[in-house]
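To start, the structure under review is shown below, and the notes come after it.
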Number of protein chains: 2
Amino acid sequence: MTAEAKAAVPAAPPLTERQEARRRRILHASAQLASRGGFDAVQMREVAEAAGVALGTLYRYFPSKIHLLVATMQDQLQHLHGTLRKHPPSGTGSAERVAETLMRAFRALQREPHLADAMVRALTFADRSVSPEVDTVSRQTTAIILDAMGLDHPTPEQLSAVRVIEHTWHSALITWLSGRASIAQVKIDIETVCRLIDLTAPARDQRA
Amino acid sequence: MTAEAKAAVPAAPPLTERQEARRRRILHASAQLASRGGFDAVQMREVAEAAGVALGTLYRYFPSKIHLLVATMQDQLQHLHGTLRKHPPSGTGSAERVAETLMRAFRALQREPHLADAMVRALTFADRSVSPEVDTVSRQTTAIILDAMGLDHPTPEQLSAVRVIEHTWHSALITWLSGRASIAQVKIDIETVCRLIDLTAPARDQRA
DNA sequence: ACCAAGTCTGGAACTTGTTCTAGATTAGCG
DNA sequence: CGCTAATCTAGAACAAGTTCCAGACTTGGT
């Protein structure tokens, strides 16, 4: 919680070309299988086979199924962030733009609901041993939201609002994935929580 | 999502006394083991043994480990709701009272962090097959929050706010349990999201 | 008291995540 | 090139959730 900003993964031994390729094949196989049948369909033996790699090797690259799926999510988020940078949200207010961005991400997930299931379940099921990786995902998400808000130097209050938005985002996704909330409801929840942003705007109308 | 309010479990065959006792023993064993080592420590074979029941019987009562832990959570929530009814929050505003209530619940969880871990992880990991049970938990939570707000007939807008609060509550718990957020941060997040309540108050200062 | 249906028990068996081992391959280096 | 350490492979082995089964026990109805 204190001061270790920069690199969450201090020792990232440089991978050879073949190793990079293996890693990529594994992530691809993971996403592929996840797209078919969700979390349960990502079976370590199958991932290994599809990636053309021994089971032990798979575990050397990703020490658990959860690690693998969280890494898969990092991968997908990176894509998304790139896409969003190229086509920024069009709304005029911060709240609107954030809601628009999240809804766009949501629609992307709807196109691959099984993949979404695998990634989100892994993310919320992760225990302490996966904290660094999950934290990376969280930072990526935060960056996306701050981008949408157009903020470079958020106040602590605004960061709180962003954290709450992330909470809502993850949890709303889960209720949708498990069939307990409709798409429309997720939309409402996102729009509702985005109202918090205006509440923390540094400008006028502050009387608390 | 439409109109089937009353009983989520349509056919609850009346249990005999011995069956009720078995069920209670199982839930007790579950909570006991969870209190020790969290999610992983709740092993079905051990629960069965501790409850003095055959493995097959355990599975007849609770069709999966997740079902078992979600039921455990229902149980604990019931306690909590009872306690809260007897000692209502003292704040003057809705937002304050809800925040106070949730912080009180949070402190209760802090006393049994392993149990909290087991229940919350089960809750968010649950797939569609556990939807009815998870939904029950959700309704219990909603009821607790509405109680704190002192509302009997919430507007749709207020219900949205309550849903977002629940999202934040669950997700914040997870970040705390996995060591990615401090207790203080959870407190801040709860207080932040509770501000939404004032935003949806039916009274004055509505100009959007 | 007796029977049929349903329930419970003990235990084996199966599935999938994870670990371990022995031997082949590869990478870096003199 | 030839050596050494690291990495990779194939596959066995182990752990815990889940399923199945044969036989004993309960329950409810007659």
Side-chain angles (χ1 to χ4, degrees), chain A residues 11-27 29-30 33-34 36-72 117-119 121-122 125-130 133, chain B residues 11-27 29-30 33-34 36-72 117-119 121-122 125-130 133:
Chain A
L15 298 184
T16 74
E17 206 165 321
R18 305 185 57 183
Q19 287 177 320
E20 193 56 55
R22 266 191 211 104
R23 197 187 127 88
R24 208 119 286 295
R25 284 206 308 280
I26 292 173
L27 285 175
S30 166
L33 287 170
R36 300 234 181 297
F39 188 88
D40 293 333
V42 181
Q43 302 192 356
M44 298 305 265
R45 287 178 235 276
E46 292 208 27
V47 173
E49 188 178 5
V53 118
L55 189 55
T57 305
L58 171 52
Y59 273 96
R60 171 184 280 274
Y61 282 73
F62 302 97
S64 79
K65 175 171 174 171
I66 301 291
H67 281 85
L68 171 58
L69 285 172
V70 171
T72 303
D117 170 76
M119 298 189 306
R121 298 263 292 287
F125 192 61
D127 64 0
R128 301 181 110 86
S129 72
V130 206
E133 288 79 2
Chain B
L15 298 183
T16 74
E17 204 164 324
R18 303 184 57 182
Q19 288 177 321
E20 193 56 54
R22 265 190 212 104
R23 198 185 126 89
R24 208 116 288 291
R25 284 205 308 279
I26 292 173
L27 285 176
S30 167
L33 286 170
R36 298 236 181 295
F39 188 87
D40 293 332
V42 181
Q43 301 192 357
M44 299 305 267
R45 287 171 176 75
E46 291 207 27
V47 173
E49 187 179 3
V53 119
L55 190 55
T57 305
L58 171 53
Y59 273 96
R60 170 184 283 276
Y61 281 73
F62 302 96
S64 79
K65 174 171 173 171
I66 301 291
H67 281 84
L68 171 58
L69 284 173
V70 171
T72 303
D117 170 76
M119 297 190 304
R121 296 264 291 287
F125 192 62
D127 66 1
R128 302 181 108 86
S129 71
V130 204
E133 287 80 3

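Below, chains carry the letters A, B, ... as their sequence lines are ordered, and counting in each starts from 1.
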**Asked** Within this structure, what is the CD-to-C1' distance between A:Glu49 and D:dG11, rounded to whole angstrom?
**Response** 14 Å

**Fill in**
A:Gln43 atom CD is separated from C:dG17 atom P, nearest whole Å, by 5 Å

**Prompt:** Separation of B:Lys65 atom NZ from D:dT18 atom P, in whole Å?
**Reply:** 8 Å

**Prompt:** What's the CZ-P distance between A:Arg25 and D:dC8, to the nearest Å?
**Reply:** 11 Å

**Message:** Between B:Leu27 and B:Leu68, is there a side-chain heavy-atom distance shorter than 4.5 Å?
**Reply:** yes

**Message:** Tell me if the centroids of the rings in A:Phe125 and B:Phe39 come within less than 6.0 Å of each other.
**Reply:** yes

**Asked** What nucleic acid atoms does B:Val42 come within less than 4.0 Å of, heavy atoms only: base, sugar-phosphate, or nothing?
**Response** sugar-phosphate

**Request:** Return the nearest nucleotide to the side chain of A:Met44; candidates are C:dG17, C:dT19, D:dT18.
**Result:** C:dG17

**Request:** Take the protein atom CG of A:Leu58 and the nucleotide atom C1' of D:dT9, then report the distance between them rounded to whole Å.
**Result:** 13 Å

**Request:** Send over the distance from A:Leu69 CG to C:dT18 P, rounded to a whole Å.
**Result:** 10 Å

**Message:** Under 4.0 Å, counting only non-hydrogen atoms across every strand here, what does A:Arg18 touch: a base, just sugar-phosphate, or nothing?
**Reply:** sugar-phosphate

**Request:** State whether B:Gln19 places a side-chain N or O below 4.0 Å from either non-bridging phosphate oxygen (OP1 or OP2) of C:dC8.
**Result:** yes

**Item:** Nearest to side-chain heavy atoms of B:Thr57, which nucleotide of D:dT9, C:dT9, D:dG17
**Value:** C:dT9

**Prompt:** In whole angstroms, how far is the C1' atom of C:dT16 from the CZ atom of A:Phe39?
**Reply:** 11 Å

**Prompt:** A:His67 versus A:Tyr61: any side-chain heavy-atom pair under 4.5 Å?
**Reply:** no

**Prompt:** Is the distance from OP1 or OP2 of C:dC8 to the nearest side-chain N or O of B:Tyr61 less than 4.0 Å?
**Reply:** yes

**Asked** Could B:Lys65 and B:Tyr59 be counted as a cation-pi pair, given that NZ or CZ must be under 6.0 Å from the ring centre and within 45° of the axis?
**Response** no

**Message:** For B:Thr16 and B:Ser64, find the nucleotide of DNA chain D closest to each by heavy atoms; which residue's nucleotide sits nearer the 5' end?
**Reply:** B:Ser64

**Asked** Just by distance, do the side chain of A:Gln19 and the backbone of A:Thr16 share a donor-acceptor pair under 3.5 Å?
**Response** yes

**Message:** Side chain of A:Arg22 only, heavy atoms from C-beta on: which candidate in C:dT18, C:dA12, D:dC8 is closest?
**Reply:** D:dC8

**Message:** Nearest to the B:Arg45 side chain among C:dT19, D:dT19, D:dA16, which nucleotide is it?
**Reply:** D:dA16

**Request:** Rounded to the nearest angstrom, tell me the gap between atom OH in A:Tyr59 and atom C1' in D:dA15.
**Result:** 12 Å

**Asked** What about B:Arg60: does its side chain form a donor-acceptor pair under 3.5 Å with the base of C:dT9?
**Response** no

